[in-house]
Amino acid sequence: MNLMSRLIIGAGVAGSLLTGGIIGATLAGPLGVSAATSSSAAATAASPSAGSGTFVPNETAAHEAGESAAREAQENAGQVPTVP
């Protein structure tokens with residue numbers, strides 16, 4: 001291969017990469033933005049404590065009946081339970 005054909009092939013490869021990047025950014029750009037906004041909205045809607053940041057234990061009788069003493073102690077101390 002001579003120098004001219006190498007330059008032509010290199011320019012073709014570079015042009016293909018640039019075109020593919022532009023097409024990919026055009027297609028994936030809006031998807032990334034919509035995914036970021038919808039997930040934060042979904043997380044806000046699913047949040048039961050309205051942003052208070054404190055742990056609220058489940059004190060219903062059905063839940064308490066199947067709970068271990070270690071888990072109950074963690075809940076009473078205001079900690080997020082780490083034991084089953």
Side-chain angles (χ1 to χ4, degrees):
M1 269 178 29
N2 63 13
L3 180 61
M4 190 59 149
S5 62
R6 285 185 184 182
L7 288 174
I8 291 172
I9 290 173
V13 169
S16 296
L17 286 172
L18 182 63
T19 303
I22 291 171
I23 291 171
T26 302
L27 294 176
L31 297 176
V33 170
S34 66
T37 56
S38 65
S39 67
S40 64
T44 303
S47 176
S49 62
S52 65
T54 59
F55 172 71
V56 180
N58 184 353
E59 298 293 340
T60 61
H63 174 78
E64 294 294 319
E67 189 170 80
S68 69
R71 184 179 182 97
E72 181 62 25
Q74 284 183 327
E75 287 183 3
N76 290 341
Q79 300 171 348
V80 176
T82 58
V83 295

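In this text, all values refer to a predicted model and were calculated from it rather than measured experimentally. For the numbers below, each heavy atom of this structure counts, side chains included, while hydrogens, waters and symmetry mates do not.
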Closest heavy-atom contact between T82 and Q74?
N-OE1, 2.8 Å

Kindly write out the residues that satisfy side-chain contact (heavy atoms from CB on, under 4.5 Å) with T19, not counting sequence neighbours, or none if the list is empty.
I23

Quick one: list whatever passes side-chain contact (heavy atoms from CB on, under 4.5 Å) with T26, sequence neighbours left out.
I22

With E67, which residues qualify under salt bridge (charged side-chain N to carboxylate O under 4.0 Å, His left out), at least two apart?
R71

